[in-house]
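First the proteins, then the strands, lettered A, B, ... as listed; each starts at 1. Predicted, not measured: the structure shown is a model, and the values here were computed from it.
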Number of protein chains: 2
Amino acid sequence: MDDIDRRILTVLQEDATLPVSELAKRVGLSTTPCWKRVQKLREDGVITKQVVLCDPAKMDLKLTVFVEIRTNRHNDAWLRKFAKIVRELPEIVDVYRMSGDVDYLLRVVVRDIEGYDAVYRKLIRAVEVFDVSSRFVMEKIKYSTALPLLGSDDDAA
Amino acid sequence: MDDIDRRILTVLQEDATLPVSELAKRVGLSTTPCWKRVQKLREDGVITKQVVLCDPAKMDLKLTVFVEIRTNRHNDAWLRKFAKIVRELPEIVDVYRMSGDVDYLLRVVVRDIEGYDAVYRKLIRAVEVFDVSSRFVMEKIKYSTALPLLGSDDDAA
DNA sequence: GATGAAATACCTCCCGC
DNA sequence: GCGGGAGGTATTTCATC
């Protein structure tokens, strides 16, 4: 994982439709070695998948909700059941176990309040939670799937 | 945007490397009309981009932090300056303006606490904030870039 | 929308440096 | 490690039904 690999990933994280020849130009390589690097990055699992991103508004998914969950069942069985249900509900797109007073943080993408309520009901029916608090998104100011690779003083310190 | 389009998007949101011929098979279409639909979905901006996703652990980005920000400057100039700085910092991957007591919610991806502190300092140096509260992610239980298209009772009601 | 075929472009892997 | 080039394959655009 040298600097050229990071440059390749920086480009591919923004646009993966580019021909390898064009990608090679941008990172200052010729086609073959560039292609080999991309292949290796896939083999090594650095690149996990290649996907299309969609416009939520265009598919009538205009509401994003962050849900904070507190539980009083701090055991493996509960967590397994919880993990299962959140993976089964596609509207729950992200789930994080947190430090601090909130146990879990969920990002939920739905059409409207009714859609959110349906997900909420399915969740609390499937698993016991101590407290649920919902925070609604008014405006998406930034949303990126690209991880930071070059921007900061990573190892310049 | 009929059901076939939704099936195309569901597949492409998970794997955009499939040949059109294979995609066509999965959605029950032949190659040419399937290709035309994909092209139209791109033209119409339903598909916004095609990207690779990377493994954060493999690139030494082991810490995710959610940052809650409260401001006392509720005006356009402040918001523009805030939006500018968060877009400039690649470690700040998502930014949402929220309803309720928290004004903004940020997702920040960094190597470690030091990395987070560096971002934090850059942020508060660039823009005045009233209150900042950081919540650290212990475990990523689910992370998906795929929007829910079929899973729920969208228009079955 | 399906089929088949043709031209183009790209991917893949051989080679030598 | 790099670059060049040949061959196979996928994409893209025609027709036609």
Look at the side chain of B:T32 against the base of C:dG1 and say whether a donor-acceptor pair falls under 3.5 Å; ignore hydrogens and angles. no

Rounding to an integer number of Å, can you tell me how far [X] [atom1] sits from [N] [atom2]?
{"X": "B:L23", "N": "D:dT11", "atom1": "CG", "atom2": "P", "result": "9 Å"}
{"X": "A:K40", "N": "C:dT12", "atom1": "NZ", "atom2": "C1'", "result": "18 Å"}
{"X": "B:L18", "N": "D:dT9", "atom1": "CG", "atom2": "C1'", "result": "16 Å"}
{"X": "B:K36", "N": "C:dA2", "atom1": "NZ", "atom2": "P", "result": "10 Å"}
{"X": "B:E22", "N": "D:dA10", "atom1": "CD", "atom2": "P", "result": "11 Å"}
{"X": "A:Q39", "N": "C:dC10", "atom1": "CD", "atom2": "P", "result": "18 Å"}

So, is A:R37 near the phosphate of D:dC2, with a side-chain N or O under 4.0 Å from OP1 or OP2? yes

Counting only side-chain nitrogens and oxygens, does A:W35 get under 4.0 Å of the OP1 or OP2 atom of C:dT12? yes

Parallel, tilted or perpendicular: rings of B:Y104 and B:F82 (30°, 60°): tilted

Just by distance, with hydrogens left out, do B:Y96 and A:T64 show a side-chain donor and acceptor under 3.5 Å apart? no

What nucleotide among [options] has an atom nearest to a side-chain atom of [X]?
{"X": "A:P19", "options": "C:dA2, D:dG4, C:dC10", "value": "C:dC10"}
{"X": "A:V20", "options": "D:dT11, C:dC11, D:dT13", "value": "C:dC11"}
{"X": "A:P33", "options": "C:dC13, C:dT3, D:dG3", "value": "D:dG3"}
{"X": "A:I4", "options": "D:dT13, C:dC10, D:dC2", "value": "D:dC2"}

Keeping A:W78 on the side-chain end and A:N72 on the backbone end, is there a donor-acceptor pair under 3.5 Å? no

Polar side-chain atom of A:Q13 near backbone of A:L147 as donor-acceptor pair, under 3.5 Å: yes

At 4.0 Å (heavy atoms only), tell me whether A:T31 reaches a base, stays on the sugar-phosphate, or touches nothing. nothing

A:I92-A:Y116 co-clustered via ILVMFWY side chain contacts under 4.5 Å: yes

